[in-house]
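Numbers here simply count residues along the sequence, with the first being 1.
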Amino acid sequence: MKKFLLLILSTIFALTIIPSCKKDNDPASLSLYCPDGAPALSVARLISDDTIVDNLDINVVTASTINAYVTGDTPKADIAIMPVNAASKVLGNANSYQMLGVVTWGNLYLLKKQSGVNITVNNLNDLIGKKVGVINLANVPGLTFKAILSDNDVPFTTYSGTVDTESVNLVGLSDGTAVTPAADCDYFVVPEPAATTKINATAGKLSLAGDLQAMYGDGNGYPQAVLVAKKSVILDRKSDIDKLIASFNDNYAYLIDDATSSNDIVSAITSALPEGTAPTFTANNLNKTVISNCGISFKTASIAKTEVLAYLSKINAITNNSFGTPIDAFFFS
């Protein structure tokens, strides 16, 4: 009888301690922070299926706050997706983070009023004497458009009240609410999903005039958002990092699969946002065309290095706020 009781007690004790031992042996969660918008789209599959990369905690944040998660004495983000210019400026010394790859390659489009003509790299001069409104003129949208104009020897200036008939007149817009047929601009540089939303909402009064990705360089877009990770995480959690890198091709396939609804994608992104925050994309403004227009395509850091350095060189040449040049060690290989 004593042996039987001892066996029962031993079994209960074993069942009690096994879960706690397993918990102690589980690797700690890795935090991934990314801005809302196209970067969040690129990880929607990982949010909806947490078995693809184990122990990955994805947080979607307001785009303007992303730097806060990779800076300071103890940065919150083990992994982050952020604009390439910001990554270069705050992380390019490779002291704490390295770039794993480029995630998105541009989502900027030129809209026109009904009297406008379509614009390609071959007729950019048609914009001379016109006013072009640009959402976020001081950052990637404005810098990229300026780089395109500069590469093609098209003069530009910032509009200051009088139209310069010898230049493209750039007008800084605070947000998408300023993109209307009634605005005092001839063209607009607008990111997706705002571009498609505006086209649909204005019933033809605003329409697609050009694709900035096709106008840039060789026509295959420009490095826009990059994936970075703490050097310590890359070293200590190589298997998880490898799984994350390998996931991106399938992540895009998930987005464009007919079996994946807009609601599925939006629900996933919403679940990773702070409570009470609405995502950039909604089921009404997200479709397969918009997804395609977001330029989601992954290239590893070693492959994309030349394109990243070329893009940074172009935008550094046209701004007083240099974003620097990352050192070689910044590019993980």
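Screening Leu227, Ile79, Leu235 against Ile241 for a side chain to side chain contact (heavy atoms under 4.5 Å, CB included) leaves a single residue, Ile79.
Tyr69 is linked by a ring pair (Phe, Tyr, Trp, His ring centres under 6.0 Å) to Tyr33, counting only residues two or more places apart in sequence or in another chain. For Thr202, there are no side chain to side chain donor-acceptor pair (under 3.5 Å) partners at least two apart in sequence or on another chain. Qualifying salt bridge (Lys or Arg N to Asp or Glu O under 4.0 Å) partners for Lys76, counting only residues two or more places apart in sequence or in other chains: none. Qualifying side chain to side chain donor-acceptor pair (under 3.5 Å) partners for Asn67, counting only residues two or more places apart in sequence or in other chains: none. By the side chain to side chain donor-acceptor pair (under 3.5 Å) test, Asn320 pairs with no residue at all, sequence neighbours left out. Qualifying side chain to side chain donor-acceptor pair (under 3.5 Å) partners for Ser247, counting only residues two or more places apart in sequence or in other chains: Asn251. Contacts of Ser302 classified as side chain to side chain contact (heavy atoms under 4.5 Å, CB included), with partners at least two apart in sequence or in another chain: Thr300, Ser333. Remark: Ala183 pairs with Thr180, Phe188 by the side chain to side chain contact (heavy atoms under 4.5 Å, CB included) rule, at least two apart or across chains. The salt bridge (Lys or Arg N to Asp or Glu O under 4.0 Å) check on Asp264 picks up nothing, with sequence neighbours excluded. Shown here are the side chain to side chain contact (heavy atoms under 4.5 Å, CB included) partners of Ala94, two or more places apart in sequence or in another chain: Ile327, Ala329, Phe330.
Within the structure, the ring pair (Phe, Tyr, Trp, His ring centres under 6.0 Å) test picks out the following pairs touching residues 236-272 (sequence neighbours left out): Phe248-Phe298.
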Just distance, no hydrogens or angles: give the donor-acceptor pairs under 3.5 Å from side chains in residues 148-158, sequence neighbours left out.
{"unit_1": "Asp151", "atom_1": "OD1", "unit_2": "Lys314", "atom_2": "NZ", "d": "3.3"}
{"unit_1": "Asp151", "atom_1": "OD2", "unit_2": "Lys314", "atom_2": "NZ", "d": "2.7"}
{"unit_1": "Asn152", "atom_1": "ND2", "unit_2": "Ile148", "atom_2": "O", "d": "2.8"}

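Look at Asp328 and Lys305 and you find a salt bridge, because one of the NZ, NE, NH1 or NH2 atoms lies within 4.0 Å of a carboxylate O, short of that distance. A salt bridge is defined here as a Lys NZ or Arg NE, NH1 or NH2 lying under 4.0 Å from an Asp or Glu carboxylate O, and Lys230 with Asp78 meets this definition.
For CG of Asp184, the number of neighbouring non-hydrogen atoms (other residues, nucleotides, ligands) closer than 6.0 Å is 12 at most.
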